[in-house]
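Below: the structure, in structure tokens.
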Amino acid sequence: MTQNDSPTAESLLLIDGHSMAYRAYHALPPEKFSTSTGQTTNAVFGFVSMLLTALEAERPTHVLVAFDRGRPAFRLEEHPGYKAGRAKTPPDFHGQVELIETLLEAMRIPVVALEGVEADDVLATYARLGEEAGIEVRIASGDKDSFQLVREGVSVLYPKRGMSDLTRMTPEAVSEKYGVTPAQYRGQAALVGEKADNLPGVPGVGEKTAAKWLNKYGDLEALLAHSEEIGGKAGENLRAHREAVERNYRVNRLLDDVEVPFTVEAARMQGPDADALSALFDQLEFAVLGRRAEALFGVSGNAGAASAQEAPVPARPDAAELVPLLEGIDAEAWVAVATDATYVLGLGAVDRIALAWGERTAVVALSALEPAGATALEEFLAGHTRLVMHDAKPQLKALRVSGLPRAHADWDTELAAYLLEPDRRGYALEEIAQARLGLAAQQEDEDADGLHTRAWTVLQLRPVLAEALEGAHLTGIMTGIEMPVQEVLARMESRGIAVDAARLAELGEEFGAQAEASAQEAYAAIGHEVNLGSPKQLQAVLFDELEMPKTKKTKTGYTTDADALADLFVKTGHPFLQHLLAHRDRIKLRQTVVGLEKTVSDSGRIHTTYLQTAAATGRLSSKDPNLQNIPVRTEAGRRIREVFVPGADSESLMTADYSQIEMRIMAHLSGDPSLIMAFRAGEDLHAYVGGQVFGVATEDVTPEMRSKVKAMSYGLVYGLSAYGLSKQLGIGVDEARGLMDEYFSRFGAVRDYLGAVVEEARERGYTETMDGRRRYLPALTSAQRQVREMAERAALNAPIQGSAADIMKRAMIAVESALEAGGLRSRMLLQVHDEIIVEVAPGEAGQVEEILRREMAGAAELDVPLDVNVGTGASWHAAAH
DNA sequence: CTTAAAGCTA
DNA sequence: ACGTAGCTTTAAGT
């Protein structure tokens, strides 16, 4: 690691934010710097790149950035045309400046922006203050006026061509480049003029002539006093333009006595808000800059010197050596465990286990353990109460089928990283370590050396993450929700759910045959074959061949989605459309069935994997296969649910789901009296709301009114617009707006709540669930409307969806433990966001239902009841109610 | 190998 | 431009 030569010396880095951002904006092509959401980031990128370069090179102890606000009053008075010649500020520049300010806030670098004062003057003032405090001053500015500030102890970092190439302008460098001293530079600039600021100088006088004169007379005042002595055309021009020169000289003077809002000491570097910063870099899609920032800030943040240490050489104990080794580990010590676990289709295996604790590591080969060693290891992984892993769930599942049935985890660095940054795309150990410890990227392969390094890294990471959790008040969620629910999920995944494989195969055949029949009819309707699965080929048929009216545009053409096809059928009545829709429907069902068939284990069960770190709101997701999107809305789709059945020793499946949990949370969080009353009265919510909105009695609400209101209620939770509602209901925008207005006038507290949630999130930078789970949404301050509004809808939804997720997780933990404590053999198998599916052992249905109702309803204390519906049957479908 | 379009869930 | 959060499949681009 490179150290600054004089680590004790203090230095102050002053940055002219506006000039740097403006230069970056023009230096970098916008088309090469934009995010997937369309936000242009060239100025942001260039600025941050410059900033990191300056921080890396200068290692300042103090940093401050100044921005322009409004017009520079005294310069405009002097010269109304000041800067008038400049091209108008481009529209997407301002928004990028806001992004830069947000980034600086996350870096905890103070920003000074004073009304009517130019950034240069602020910097000149801080340069003087820094100098008076005996601190070295560096000024990063793209404005040459700053050269007049250069002196002993004050230098300017001026960007060359690229943004991260900064030239250091010392007194010597200024003299060499311009032939004048920094003190004379102002005079030279006044003589030469500045096109960019619309300040013309003396015609025919450039740097060289100006330097010659200034060196002869000392300074501008002396030069002007002797202007009569200067001969030739240049002398004539000087006398003719004397007033312009004097004006330039007054205008380009930087004020070093501006009233500034805080002292130099307030600019002392304190390290960034790492989570907010990381979320911003993610949003901006600055992967490389993000890593540079992590490397720059990471170590100084919270990791101690130990974090950079290399992993100790591992012990490789045989069975006999393992027993004393494990006995020698302090019961209070955190022990990191890393394995080479593999897990596929309900079958897992582990060959090697690495441990790290204190200053030691060890690697154990399971195959080489005689009974004594295996027993000791099993005891240790069961009994030690401070075990930490990274992504423990798959490893625990594999360990438990590899002779270590009681292996467990007390802490998980991946879950901690998720709670701190739930919007992150991935949580690979290497990435998290780099972000939190400033460790260099390591190679991925897990040879014998890699595994102990993984354990070592996890051990170093845990206290750093624990401190960050504490700081964000997330420790309670970590230990009270995520860790216990991880254990529950591991068990559910290992159990799997039984399927009737024969029925599954039959269904696949049936749907396949129907799909094929529809395809043939579709071909017949247009007289030729076409790949019905290709939107591109369909577009050719529909819009070119059949010349149907164009549908809504997509990135690559016109949509052929089901809504659009149904619409086209209404317009054209062409039979091709009907057969195409039927084919789509059946092929999708067949896909689902075939996909499920492939995942059935030898024991006839399907083992999904729940992802605990995939959804930014706190929800779970399910993959391989996804059992959270099994069809339910159509009759044919529900037949797939008939295939999920109780296993051999069970009598039924039981499902329990929360009734309208998100609307209940909305009622609770908003405190809306009408909504709360409706839930307390046990009313049919949508009928009740419909009555209010349409001004009729609840009993007189028609099914049509009810369905409109239902769509609106749910849409609201997601930030639905009047336009969206009108499209969904097939009504006019005005009618939709009228409905919404009426809704909000009846449930005013809901509107107030939704508005307040977004504003609070904008101020704090994150949303919170009832339990304090956070979601950072830096895009809330985006200048780009589309980006900002997307973040606003996410901010509306995250506390509600996330609170529901927290409640469900608490319920699952309670149900699992109640089933166990009751000595029951019934087992929880699946979770589908607001629903739990349990496999019921013979004779236990009554007790299981009681547990489900009690634990689910009791998982949160709301101002409205948490109703739970329960059903039982010989299949998932039959258990639905 | 990645992206887009489509469609399924809460 | 226009409702949140996910996963999987296929076609078609690189």
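Note that the structure is a prediction, hence the values are computed from the model and not measured. Naming: A, B, ... by sequence-line order, numbering from 1 per chain.
On the P atoms, C/dA1 is 16 Å away from B/dA4, given to the nearest whole Å.
Taking atom CD of A/Glu662 as the reference point, atom C1' of C/dA5 lies 9 Å away to the nearest angstrom. Summarising the geometry, the separation between CD on A/Gln728 and P on C/dT4 is reported as 12 Å, rounded to the nearest angstrom. The distance from atom CD of A/Gln612 to atom C1' of C/dG6 is 15 Å, rounded to the nearest whole Å. Atoms CE (A/Met663) and C1' (C/dG3) sit 14 Å apart, rounded to a whole Å. Distance A/Arg788 CZ to C/dA1 C1': 13 Å, rounded to the nearest Å. Going from atom CG of A/Leu611 over to atom C1' of C/dG6 covers 10 Å, rounded to whole Å. Rounded to an integer number of Å, the gap from CD of A/Gln784 to P of C/dC2 is 13 Å.
Taking 4.0 Å as the cutoff to heavy atoms of chain A, we find the contact window on DNA chain B bounded by B/dA4 to B/dA10.
The residue A/Arg584 sits close only to the backbone: its heavy atoms come under 4.0 Å of sugar-phosphate atoms, none of a base. Residue contacts shown for A/Leu620 are absent, as no nucleic acid heavy atom lies under 4.0 Å away.
Residues satisfying the ring-ring contact (aromatic ring centres under 6.0 Å, His included) test with A/Phe286, not counting sequence neighbours, are A/Phe45. Looking at residues two or more places apart in sequence or on another chain, you find no salt bridge (Lys or Arg N to Asp or Glu O under 4.0 Å) involving A/Arg425. The side-chain contact (heavy atoms from CB on, under 4.5 Å) check on A/Ala783 picks up A/Glu98, with sequence neighbours excluded. The side-chain contact (heavy atoms from CB on, under 4.5 Å) check on A/Ala791 picks up A/Ala779, A/Leu780, with sequence neighbours excluded.
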Base-contact (B) and sugar-phosphate-only (S) positions in nucleotides 8-14 of chain C, heavy-atom cut-off under 4.0 Å, - elsewhere: SS-SSS-
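A salt bridge does not link A/Arg639 to A/Glu635: none of the charged nitrogens lies less than 4.0 Å from a carboxylate oxygen. A salt bridge links A/Arg495 with A/Glu816: at least one charged nitrogen is closer than 4.0 Å to a carboxylate oxygen. Between A/Asp734 and A/Arg737 there is a salt bridge, since at least one side-chain N of the basic residue sits less than 4.0 Å from a carboxylate O of the acidic one.
Residues from residues 748-779 of chain A lying near DNA chain C, meaning a heavy-atom separation below 4.0 Å, are A/Arg775 in numerical order. Of the residues in residues 549-567 of chain A, those placing a heavy atom less than 4.0 Å from an atom of DNA chain B are A/Thr554, A/Lys555, A/Thr556, A/Thr559, A/Thr560, A/Asp561, A/Ala562, in numerical order. Near-neighbour residues of DNA chain C inside residues 797-811 of chain A, defined by a heavy atom below 4.0 Å, number-ordered: A/Asn797, A/Gln801. For residues 708-718 of chain A, proximity to DNA chain C is found at A/Tyr714, A/Gly715, A/Tyr718, defined as any non-hydrogen atom under 4.0 angstrom from a strand atom.
The shortest distance between side-chain heavy atoms of A/Phe543 and A/Pro549 does not fall below 4.5 Å. For the pair A/Ser875 and A/Val643, the minimum side-chain heavy-atom distance is 4.5 Å or more.
Listed by first and then second residue, the salt bridge (Lys or Arg N to Asp or Glu O under 4.0 Å) pairs involving residues 584-600 of chain A amount to none (not counting sequence neighbours). Identified under the salt bridge (Lys or Arg N to Asp or Glu O under 4.0 Å) test for residues 559-569 of chain A, with sequence neighbours left out: A/Asp567-A/Lys571.
For A/Ser621 and C/dC7, the shortest distance from a side-chain N or O to OP1 or OP2 is below 4.0 Å.
Looking at A/Thr617 and A/Gln801, their side chains do bring a donor and an acceptor atom within 3.5 Å of each other. A side-chain donor from one of A/Thr769 and A/Asp806 sits under 3.5 Å from a side-chain acceptor of the other.
A distance of 8.5 Å separates CZ in A/Phe744 from CE in A/Met712, rounded to the nearest 0.5 Å.
Other residues, nucleotides and ligands contribute more than 12 heavy atoms inside 6.0 Å of the CD atom of A/Gln520.
Annotation: cation-pi pair A/Arg774/A/Tyr766 present, NZ/CZ under 6.0 Å from the ring centroid and within 45° of its normal.
For A/Arg793, the listed nucleotide lying nearest its side chain is C/dG3; candidates were C/dA1, C/dG6, C/dG3.
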Derivation of the side chain to side chain contact (heavy atoms under 4.5 Å, CB included) call for A/Leu565 and A/Leu580: CA-CA 9 Å; A/Leu565 295 182; A/Leu580 173 57; 3.5 Å; yes
CA sep, side-chain torsions, deciding dist, call: A/Tyr714, A/Tyr718, ring pair (Phe, Tyr, Trp, His ring centres under 6.0 Å): CA-CA 7 Å; A/Tyr714 277 101; A/Tyr718 307 138; 7.2 Å; no
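Classified by interplanar angle (parallel below 30°, tilted 30° to 60°, perpendicular above 60°), the ring pair A/Phe576/A/His574 is perpendicular.
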